K.L.:
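Below is a structure I'd like to ask you about.
Keep in mind that this is a model prediction, so the values were computed, not measured. Below, chains carry the letters A, B, ... as their sequence lines are ordered, and counting in each starts from 1.
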Amino acid sequence: MTLYSFISSGLSYVFTTIIYLFIFSVIRLIYLDIRKMSTEDKRREYENQNMVQSRGTALNNRRINTAVLHTVKNKEAVELRLKKQYIIEEFAVFGRGEDCEIQVNNKFLSLEHFQIWFEDGEWFLLDMKSRNGTYVNDIRVKKTVILNDGDEISAGGLEFIFAV
Amino acid sequence: MQRLKKGNYKLPAYLLVIMNILGFGLLCMANNFDPNIMYIGLGIMAFLLLVYCIVVVCRMGDKFLILIASMLITIGLLMLCRLNLKMGVRQIIWIGLGVIVFFTSYCIYYNIWFWDKMWFVYLGLGTVLFIMTLTLGQKVSGSTNWLSIAGIYFQPSEITKILYVMFLSCYYSKSWEYPVLKIKPKYITAMGTYLFILFLVMQRDWGTILVLFLIYIFMIYIYENGFGFLAANFMLAAVTALLGYKFLYHIRVRVSVWLDPWSDIANKGYQITQSLFAIASGGYFGRGLGNGSPSYIPEVHTDFIFAAICEEMGVFGGAAVIILFFLLSYRCFKIALGAKNPFNKAVGVGLTLMFAFQTFIIIGGVIKFIPLTGITVPFVSYGGTSIIASFISLGIMQAISAKEVRGEKRAGK
């Protein structure tokens, strides 16, 4: 058995592994692609239904995607006199700073705490390196996450429920 | 909350790079450390990656088609370079041409919108190609299906398959409904099909006949209402096949070899038995690139490349090739399903059927699952026309998906 045939037969296992990893990664990409498309379809359907309902009142053709943050009533919320709900149009930054779309004067919040935005049929949330962190359904947000209807968002002791 | 899973579009490309470096490194070692092989390998790898990047960056629709095709090309090319270095280099030149053809056919198909009105062009061009082959053709290993122009040999039947799919799509997309000479277009498509099949019988190119006929049957099955026409075609085909079996020596030999290759192992059954021996000796993971002896199989570089892959990359390698083709047809079907323009939909279905049946027929033949008919494996086998035709079909599929993604308005109309 020469050196070459030894290496070659060893590499045959490597080749098989690589090819199957390749297949696996392609299948995973296809799966993610399909899921993205199906959520987009659902949203389109939902928007169409809304269009039918508001046909009488709709004046402009350009639709602004809106979502609502419902405030959960607790002690801090009452003390800070938060609104019952905050409406997000396409994009909003939540924080203590004055430039924020949703400004809440709470000492546990950072100047810019988190942001929510709409893109490709999905609502996204990203924590903006806040000191005390943002929690969605009691899990601390580290990367960008997709928000679903009814998710609980909590930041600095305040709690909100996300609704599309 | 839903964790945002971002698709990693780089990972498959990296795997492709590793596969190429290892494979061509091994080939380089087998040829006394000739650095040229490494350069060739790296060149083709960079070329394929460039194509993938262009497709992704320019938003040319589906990203997976070219990726899967690149992997198939890599596997086939490694095998070819190991079998015969000269052929491998020629194959690389063809692949380079094929990529240019891919972009050309993409641009042409994307920008022209009157494809569905030119059925007579497809029919005429196909017939002219067949007549040219019959009169000027060269006889290579029993079948007259080679044409040589300026020293380059090519097989017109590969191009005819695409023309045939477009011809059928004209009718099935309902954009051609007027009768010609008082004959309904439905019967003209049937006559066109049988005309092409007649020409192919004269060329003794059984594999292509099978592909064309299966495409036709499945198009009828998908588009026609009721089973009457389907049954009539089926009956006609069955009668023709029986007559062919009775009177044509070629077909009888193929069927008898399929049923029992062992009784005439030295002559007629030699090819198929050698292929079976090769597949069996590979085991699960194969004997390693360069360790096997696939050169015992006649025609190993074109029709029987699957047997060589099974021998040196194992049953798992062979299964991987099948899975890759499976994914390719799945993606193509998905594009066809999503297409809104009926002509694009029909062409998508036809080309998918073409890829799928071509693979099924030759791999089935090599593993003695169905009678063997000589035909190339798309993207894998050696053969200039085969590679070019596969790239044209891929370019058309890409254009269809791009039209869908970018919206029909900006394309053509």
K.L.:
Report which part of B/Ala13 has an atom under 4.5 Å of a heavy atom belonging to chain A: side chain, backbone, both, or neither.
P.N.:
neither
K.L.:
For A/Thr16 and B/Met313, which heavy atoms make the closest approach, and how far apart are they?
P.N.:
OG1-O, 4.1 Å
K.L.:
Taking the side chain as every heavy atom from C-beta outward, state whether B/Leu67 and A/Phe22 have any atom pair closer than 4.5 Å.
P.N.:
yes
K.L.:
Grab the two heavy atoms, one from A/Tyr20 and one from B/Ala320, that are nearest each other, plus how far apart they are.
P.N.:
OH-N, 3.5 Å
K.L.:
Non-hydrogen atoms of chain B under 4.5 Å away: do they reach the side chain of A/Ile19, the backbone, both or neither?
P.N.:
both
K.L.:
Working to the nearest 0.5 Å, report the span between OG1 of A/Thr17 and CZ of B/Phe285.
P.N.:
7.0 Å
K.L.:
Looking at B/Gly290, B/Gly314, B/Gly286, which has the largest count of heavy-atom pairs under 4.5 Å with chain A?
P.N.:
B/Gly290
K.L.:
Within the distance-only criterion (no hydrogens, no angle test), does the side chain of A/Ser8 pair as donor or acceptor with the backbone N or O of B/Leu289 below 3.5 angstrom?
P.N.:
yes
K.L.:
With a 4.5 angstrom heavy-atom cut-off, could you sort out which part of A/Leu125 is near chain B: side chain, backbone, both or neither?
P.N.:
neither
K.L.:
Using a heavy-atom cutoff of under 4.5 Å, enumerate the residues of residues 323-333 of chain B that contact chain A, numbered in order, or state 'none'.
P.N.:
B/Ile323, B/Leu324, B/Leu327, B/Tyr330, B/Arg331
K.L.:
Over all heavy atoms of both residues, which pair between B/Leu11 and A/Ser25 is shortest? Give the atoms and the distance, please.
P.N.:
CD2-CB, 3.7 Å
K.L.:
Do other residues, nucleotides or ligands put more than 12 heavy atoms under 6.0 Å from the OH atom of A/Tyr4?
P.N.:
yes
K.L.:
With a 4.5 angstrom heavy-atom cut-off, which part of B/Lys334 approaches chain A: side chain, backbone, both or neither?
P.N.:
side chain
K.L.:
Give every residue pair that meets the ring-ring contact (aromatic ring centres under 6.0 Å, His included) criterion with at least one member in residues 43-71 of chain B, sequence neighbours excluded.
P.N.:
none
K.L.:
I need the minimum non-hydrogen distance between B/Leu15 and A/Ile18, along with the two atoms involved.
P.N.:
O-CG2, 3.6 Å
